[in-house]
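Report on one structure; see the data block that follows.
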Amino acid sequence: MKTLSLKLDDDIFMDTEQMTASMKLARNRYINDALAAYNRYNKRRLLRAKLHKESALGAQASMDVLREFEAMIDEG
């Protein structure tokens, strides 16, 4: 486990304190859970962007093949 010094905006700190108190959860656990959720969110977001990019490349390749087939049919 790593130790981390963290500076929070006052309003975020107060919200965190209220949430941890109402949930009866240690602040450290709450922040760890929050960061884990945010990391999962960002991994999905990055994967989605990568898939969109690769999908666009695949679509272009498919259109190129289709044009080649149409040219062959037109010639035949």
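Clustering of Ile, Leu, Val, Met, Phe, Trp and Tyr side chains at separations under 4.5 Å leaves Met1 isolated, with no partner residue.
A salt bridge (charged side-chain N to carboxylate O under 4.0 Å, His left out) check over residues 24-47, counting only residues at least two apart or in different chains, returns the pairs Glu17-Arg27, Arg29-Asp33. Residues in residues 47-67 take part in these salt bridge (charged side-chain N to carboxylate O under 4.0 Å, His left out) pairs, two or more places apart or across chains: Asp64-Arg67.
Legend: residues meeting side-chain contact (heavy atoms from CB on, under 4.5 Å) with Leu66, ordered by chain and number and at least two apart, are Met63, Glu70. With sequence neighbours excluded, the residues forming a side-chain contact (heavy atoms from CB on, under 4.5 Å) with Tyr30 are Thr16, Met19, Thr20, Met23, Leu25, listed by chain and number.
Leu47 contributes atom CG, which lies 12.0 Å from atom CG of Asn42 (distance to the nearest 0.5 angstrom).
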Show me the donor-acceptor pairs within less than 3.5 Å that the side chains of residues 5-14 make with the rest of the protein, sequence neighbours left out.
none

